[in-house]
Structures are given as C-alpha cells and as structure tokens.
Amino acid sequence: MGYDPTKPMEGRISDLGPPNYEQFFPPVIKANKGKWLWHEILQPGVLVHKSETGDEVYTVRCGTCRLVSVEYIREVCDIADKHCDGFLRFTTRNNVEFMVDSKEKVQPLLDTLAGLGNRFPVGGTGAGLTNIVHTQGWVHCHTPATDASGVVKAVMDELFEYFTSMKLPAQVRIALACCLNMCGAVHASDIAILGIHRKPPMIDHSRITGVCELPLAIASCPLGAVKPAKAEVDGKEIKTVKVNVERCMFCGNCYTMCPAMPLADPEGDGIAILVGGKVSNRISAPKFSKLVIPFLPNTTPRWPETVQAVKQILEAYAADAKKYERVGEWAERIGWEKFFEKCDIPFTMKSIDDYRLAYDTWRTTTQFKYTSHIK
Ligand code: HEM
Ligand code: HEM
Ligand code: SF4
Ligand code: SF4
C-alpha cells in the first residue's frame, strides 16, 4: 500500500524489530550452531571453523570502507551469489565476511576477490591491523573537529601491509572519532585518533533565546564555564549565556545542546592521539586509552602528521612488545616514560590529568626510569 500523507496512521506498521538473524544463516552455520569445536587462521584473512559434526566452514574476511554505495553492496551480493549461495555477513569492525562450506571453494573465492583489486582486500585477522572503527566526520555530523572517512583512508593506505599480514605482537585496534562524544571505540582502542577543538564557543546572542533551552546549555558544561547572562540585541535586553573562557576546555557539549554556540574553527581544530586501550579481558583487564599527543593539525586531504604519528607508535610497539602484548600492556610494562621515549613522542603538560579524579593518575612512588629524550 502506498503511503498516504493525509492519513499518516492508516496501514502503519511499527515495532516489528529486526528480522530474525537465523533466516540469514548459511546452511552450514545453521546446522552447526552451538557445536563448534575449534578454529584456525589458515592465512591472513582466512579462517576455518570445525564442528563436532565434522562440518567445516571457511571464512574469508575483506576490508571495507564502511561508507559504501548501493552499487558496492550489489557487488558484494554478486560475490556472495557466485561463491556462497547468497550468504554473507559484516563484522563488528565493518569488515565483510564470505563463508564457504568446503576447502575447494576457498581459492576460487580468493581469485574472484583478487580480480577486483584492492576493492576487496583480504585480511584483518590475527595479530595484524584490522579495520578502523570510525564515525561521520564532515560527511554528515554537525559537531566534528575533524573528518572520519578521509583520515581513515590516509592511515589505512600507509599501514595497508599490516592489514594483509599477521606480524604484530598482538592485534592492533585503531579507532577514530571526529569529536569527543567518542561515538565508537576511541576510548578503548590500542591507538585512537580523536577530533578536538582549541577555541571556546562563539555566542550568537541574536538567536540564542529562540533556539536554545538556556538551562540545558548551562548544565551541559563539565566545568561550569557557562553562566546565565543578559545582552542587548537591537536595543532590547535579552536572556543569554556567557562563557568563562579561562575555564572552557573546548569540549563542544554546549554546542550539542545549543545551536547558537558553535565552536568549529579551521586552525583551532585538529587531532589528538590516544593509546593503550582494550576491551578484551585477555590476561589484563580492559583499559581506557590515554592521551599521548595533544594536537596535530587538520591537514586535508591526507593528514600526513597524523598518519606519521600512528605509524611511529605502531612500529615502535611492533619492534619492542612481547608476543600477545597489546599496546596498553606493553606501555604499562615498560613504563609510560619509556613509551614516550621509544615512540619518540615529546611529553607535554596536556597529558597530565587535571579533571576531578586526576590525583590517582599522578605518580605516588619513587619508582621511575630515567629517559633520554626530554624535549
Ligand atoms: C555476548 C556476546 C558477544 C560479545 C559481548 C561480543 C563482543 C565483541 C567485541 C567487543 C568485539 C571487538 C573486539 C576488539 O576489536 O577488540 C568483537 C569482535 C568480534 N566478534 Fe563478537 N561478541 C559476542 C558474540 C560473538 C559471536 C556469537 C560471534 C560469532 C559467531 C562473534 C564474532 C566476532 C568477530 C568475528 C569479531 C571480530 C571482528 C573483526 O575484527 O573484524 N562475536 N566481539
Ligand atoms: C578450543 C577452542 C578455542 C580456543 C582455545 C580459541 C582461542 C582463541 C584465541 C586465543 C584467539 C585470539 C584472541 C586474541 O588474540 O585476543 C581467538 C580468536 C578468535 N576465535 Fe577462537 N578459540 C576457540 C574456538 C573458537 C570457535 C569455536 C570459534 C567460532 C565458532 C572461534 C572464533 C574466533 C574468532 C572469530 C576469533 C578472532 C579472529 C580474528 O579476528 O583474528 N574460536 N580464539
Ligand atoms: S564523534 Fe562527534 S562529530 Fe563524530 S559522529 Fe559522533 S557526535 Fe558526530
Ligand atoms: S565547550 Fe565545553 S567546556 Fe567550553 S563552555 Fe562549552 S561545554 Fe563548557
């Protein structure tokens, strides 16, 4: 039935929820659900799972750029039709996985994918670098301090060999968020790329009363920097806010609440790098990532400073960490002062926590190592 705008509630279907995932299982997955015994990574991007029934499923994982066209999705469907009886899945990091039920079917699938060039790069398994979990950036959001798709492409181009190989001490998760709302995984990733502002919001007094719930803007500030105020617009006194610039740390929360308080700025905005987070409980408990580089400029379209910084950290870690050690476990074992030295990153005041529970992050011991690289 066509939608009738004069009777919007007629024939309206709602609250159906997503379709049951079981209807999209490949037959071999359906038949062996809950019966898997073991798995192996045969080569970068190719996994095999063995079931107690004797069945096997081979999975080929490919990188995607997450933001894709319908044409691309159709191409993915064509591959699945040709090799996987029309079945496929996407991973939690937006890779795409094609599954086949016998070993003979793997090579033809790999050949098809290779024939499509780097549109379907096979990899992302084991102790390598997998896809970068990322956000909207300048493609769609109104609060970003940097772009998402652009930075991710530049970083993955430079680190591509790590996607298609498994030569790191453990898997490395890179994530990006374009503002510190941190949509996604930057707060708990091995290496995190985060968009930040460095200038306080501007206040549009002529609009603010019309477009903002002022108490909401005031309550949105983590530092109490926003206060009620009066201003004169066209000779009339109006209610507005003022920002104590000395207190503002440019988080942008007030702009999220109040469209009359924008703060994006081409020179002020850029990228901070955090490292050492993880979500698994393997060996050590999950960790938050920590700030190690406070600012890198938004150098479009290839962000060379950011790409270089990420590469430098990844390579220092790859050269020094022990097998199975995640970036955060490595940094904590050698000590953060050695992390800064080995990655050749200048330590700045900005890495010293000064927010509420900051005290616990300072050093309350005489244990430390001398480092050679204070800049
Ligand atoms: C309560 C159940 C589950 C939870 C909480 C969970 C959680 C997660 C998390 C947090 C990650 C990301 C880990 C990282 O990047 O460090 C992940 C990745 C993954 N999960 Fe799960 N998961 C669950 C169930 C499953 C199941 C049932 C499957 C498959 C049958 C699955 C398959 C995967 C795969 C393949 C990845 C890696 C994706 C990639 O790196 O491309 N997960 N899961
Ligand atoms: C005796 C049985 C198994 C053992 C000892 C085992 C062990 C492991 C270990 C140690 C890892 C690497 C974790 C890390 O690096 O943090 C891993 C990864 C993984 N396992 Fe298993 N596993 C077993 C069975 C299975 C089964 C039955 C499945 C699925 C049905 C499965 C799916 C996966 C997946 C998807 C990954 C991630 C691979 C990647 O993204 O590189 N495993 N497993
Ligand atoms: S991280 Fe911030 S800017 Fe990026 S999509 Fe989320 S809210 Fe928007
Ligand atoms: S940007 Fe953040 S810190 Fe600054 S005034 Fe707005 S809410 Fe407060």
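Each ligand, and each atom within it, is numbered from 1 in the order the structure gives. What you see is a predicted model, and the numbers here were worked out from it, not measured in a lab. We're numbering straight along the sequence, starting at 1. Any value given below was found using the heavy atoms of this structure, including those in side chains, with hydrogens, waters and symmetry copies removed.
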Practice problem: For the residue pair Trp336 and Phe340, categorise the inter-ring angle as parallel (less than 30°), tilted (30 to 60°) or perpendicular (more than 60°). | Solution: tilted

Quiz item: Which protein N, O or S atoms lie under 2.8 Å from atom 4 (Fe) of ligand 4, given by chain and residue number?
Solution: Cys248 SG

Practice problem: Please work out which of the three classes, parallel, tilted or perpendicular, describes the rings of Phe288 and His187, given edges at 30° and 60°. | Solution: tilted

Exercise. Please find out if less than 6.0 Å separates the ring center of Tyr72 from that of Phe120.
Key: yes

Practice problem: Among Val275, Ile273, Leu176, find the residue that satisfies the side chain to side chain contact (heavy atoms under 4.5 Å, CB included) test when tested with Val310. | Solution: Ile273

Quiz item: Can you list every pair that meets salt bridge (charged side-chain N to carboxylate O under 4.0 Å, His left out) and has a residue in residues 176-187, with sequence neighbours left out?
Solution: none

Quiz item: Tell me the disulfide (SG to SG under 2.5 Å) pairs involving residues 93-205, sequence neighbours left out?
Solution: none

Quiz prompt | Protein N, O or S atoms under 2.8 Å from atom 6 (Fe) of ligand 3 | solution = 1

Quiz prompt | Six-ring centre of Phe295, Arg198 cation under 6.0 angstrom, axis tolerance 45° | solution = yes

Self-check item: Name of the residue among Lys290, Arg326, Arg173 meeting salt bridge (charged side-chain N to carboxylate O under 4.0 Å, His left out) with Asp190
Solution: Arg326

Quiz item: Around Lys167, counting heavy atoms of other residues, nucleotides and ligands shown, do more than 12 lie under 6.0 Å from its NZ?
Solution: yes

